[in-house]
Peer 1: 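Here's a structure for you.
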Amino acid sequence: MPKIERERLFTTERSGGRALYRLHAVTVAVGICLVLYYRATRVPEQGRAAWLGMLASELFFAAYWVITQSVRWSPVRHRTFRDRLAARYGERLPCVDIFVCTADPHSEPPSLVISTVLSVMAYNYPTEKLSVYLSDDGGSVLTFYALWEATLFAKEWLPFCKRYNIEPRSPAAYFSEPDGYQDVCTPKELSFIKDMYEEMTERIDTAVMSGKIPEEIKANHKGFYEWNPEITSKNHQPIVQILLDGKDRNTVDNEGNMLPTLVYMAREKRPQHHHNFKAGAMNALIRVSSVISNSPIVMNVDCDMYSNNSETIRDALCFFLDEEMGHKIGFVQYPQNFNNLTKNNIYGNSHQVTNQVEMGGMDSVGGPQYVGTGCFHRREILCGRKFAEDYKEDWNGGMKDKTQESIDEIEEKAESLAACMFEHDTQWGDEIGVKYGYPVEDIITGLAIHCRGWKSVHNNPPRPAFLGVAPTTLAQTILQHKRWSEGSFSIFLSKYCPFLFGHGKIKLRHQMGYSIYGLWAPNSLPTLHYVIIPSLALLQGNPLFPEMRSPWIIPFIYVLCVNNMYSLYESLSAGDTLKGWWNGQRMWMVKRITSYLYGVIDTLRQLLGLSKMTFAVTSKVSDEDESTSYEQEIMEFGSTSPEYVIIATIALLNLVCLVGGLGQIMTSGWSLFNVFCPQLILCAMLVITNAPFYEAMFLRKDKGRIPFPVTLASIGFVTLTFLVVWYQ
Ligand SMILES: *[C@@H]1O[C@H](CO)[C@@H](O)[C@H](O)[C@H]1NC(C)=O
Ligand SMILES: CC(=O)N[C@H]1CO[C@H](CO)[C@@H](O)[C@@H]1O
């Protein structure tokens, strides 16, 4: 039979300008070699330790630069063809399970959680093939109550979305858009649905505030009686409640269309059993869903990441159902985009460069990492299946209509799968499901999938598929990066180190790509050296760079300028502004001297057995003052925390060194200028970058300034440093 050439459901395009990029990379590589050669061959007698420190730092930076080239060499991006999917499959599409994870009703408000749930329930997809699961690790009746309210609201909301084809389908996001939604329907309809939504959120927020559910509401659903006064978030039985089951007459919307299945799950928690954080919740969801819907495709999102595009499921299926490549693809990862970034991105949280360049680059060498949210998996792969060339998925899997059991029986079975003891002596968390034991378990889960032979795809459509909430304070940003860098570094030092675990299984460039994140944390030490030592040496009269008239200065300047210009180009072409790039550079330094430093220290403490792994949820609520200064792009400090002392100390140290250094040069003649010019430039650049910190220390009067004790402590540290340097 002749093979029929079918049109592909997706295409892969290489980024342009790679020849130019590679040429540039080669010249930078030459520059770096010259710098290292100069360092290694001209170690001075005086200031030997500082010089060798510079050498070590530059060696690290050089190695890290080489690693980052793995993803920049040939990034790709994809385009999908949903029209071809529709022409070929119509509505004969696979069933899809969607997991939403939440952990705590106070840092993740239930009204926000259900907006996310409603946005995924409203996907443009056959509802009988869609099941939505909410995992509540807080085990809170408040979250259950909010979800129950959502089932009532969904009966109006889903038909409304579909009738007027509105976007986004998260009611919170839709109604908070300043304008644009007025024209789609009659004002009467709009005010009806809007009032309904606002009354619902008010009821939920009131319940959350008081911590209690009104008795008359409890009578509406048997699920409420699962909670009794003894239940705490850390000690309760497994709870699985099928709120909408896709069979019952109760589960149609007000136009008579079926609603998607909706399930609430709080897995069992007991103080004596370790619950393995989100990985534990994911694995419980995989099992619980297997007795309810058992769809072949599983998608998971964090509770703060709503769907901004109702076509995303069909979009992702263009990859899985593609005849030529689909059988190789294990998961489709969407980037993390945020809906509350400010124009210039004061805390450097836009991730656009990561999304467009680095993830696209990972895609070209074997596939992006699984980042734990916004990802479609094949169920079988999460359950440990190895890749085989002749693999063929049965897309008709799923069991919604096939089961004859009653809801009660199914719930009981599902609850037994969400019990603490279930995983005892099984492969769950190791060979099966999401892995346990590491704070960023998603990364090793993805790595293991790649090592079993599967590819993954990074799909970054122009219109973001999911929108989350970026940290809106400096403290949250630092905490989030501490968690990421620490988690990735501890993986790098474990048996899951990409170079060991991936050896012989995935490409070298893929291993290097994974290491970009694994080596975030150790970047802190060379960076600290670079922002402290040359400035101090300037004050001491100790040159650490070639003088301006020496030809050796050329590679230093070349590498510095070209790297910064390239990073500026990368940011601008990813959609950032010039000021946004500049803010990003400042945050790059701040993260390295605080988050990553803490990441290194904590990882080493764990290795030595001095501390246990903990998991901090980044709070998604911020107070009014903080939000205002975030919108005005003013850095917010306010509290006295040690990381602010580090930031302030380094800022102050550089200021003093710059002033002192300039003073010395002016008094002792311009011959010194030649020798110390590079250090002056470095120091001056640091001072300019740090400008907002001086302002926050000495000029600002508002609540968000750097508190006086922090300023005082940093003055103390700077003085101490100078005393030590002088009298050593
Ligand atoms: C979300 O999607 C809409 C289209 O419905 C688009 O206009 C908007 O830019 C997207 N939001 C963000 C933050 O990109
Ligand atoms: C949840 C949250 O913090 N949302 C904020 C995102 O940022 C905008 C300002 O750009 C705020 O208005 C939101 O409250």
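Read the numbers this way: they start at 1 and go in the same order the structure lists the ligands and their atoms. Fair warning: this is a prediction, and the values are worked out from it, not measured in the lab.
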Peer 1: What protein heavy atom sits nearest atom 4 (C) of ligand 1, and how far away is it?
Peer 2: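 Its nearest protein heavy-atom neighbour is R463 NE, 3.3 Å.
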
Peer 1: Under the 6.0 Å and 45° cation-pi test, does R163 pair with F160?
Peer 2: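 Relative to the ring axis of F160, which defines the angle, R163 lies outside at least one limit.
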
Peer 1: For the residue pair L285 and Y133, what are the closest heavy atoms and their distance?
Peer 2: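 Closest approach of L285 to Y133, heavy atoms only: CD2-CB, 3.7 Å.
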
Peer 1: Cation-pi check for F81 against R79: NZ or CZ below 6.0 Å from the six-membered ring centre and within 45 degrees of the axis, yes or no?
Peer 2: no

Peer 1: Testing T116, I114, T143 one by one against L134 for a side-chain contact (heavy atoms from CB on, under 4.5 Å), which residue passes?
Peer 2: T143

Peer 1: Flag atom 7 (O) of ligand 1 as yes if some protein heavy-atom distance to it falls below 4.0 Å, otherwise no.
Peer 2: no

Peer 1: Can we say D137 and K278 salt-bridge, meaning some charged N sits less than 4.0 Å from an Asp/Glu carboxylate O?
Peer 2: no

Peer 1: So that I can tick it off, tell me whether E695 and R700 are bridged by a salt bridge, with the cut-off set at under 4.0 angstrom between side-chain N and carboxylate O.
Peer 2: no

Peer 1: Atom 10 (C) of ligand 1: which protein heavy atom is closest, and how many Å away?
Peer 2: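 Here the closest protein heavy atom is N308 ND2, 2.6 Å.
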
Peer 1: Which atoms from ligand 1 have a heavy atom of E167 less than 4.0 Å away?
Peer 2: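 The atoms of ligand 1 under 4.0 Å from a heavy atom of E167 are 5 (O).
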
Peer 1: Within the 4.0 Å heavy-atom shell around L467, which atoms of ligand 1 are there?
Peer 2: 11 (N), 12 (C), 13 (C)

Peer 1: As a test of the contact definition, would atom 2 (O) of ligand 1 count as having a protein heavy-atom neighbour under 4.0 Å?
Peer 2: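 Yes, because at least one protein heavy atom sits under 4.0 Å from atom 2 (O) of ligand 1.
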
Peer 1: Is the closest heavy-atom distance from P464 to ligand 1 below 4.0 Å?
Peer 2: yes

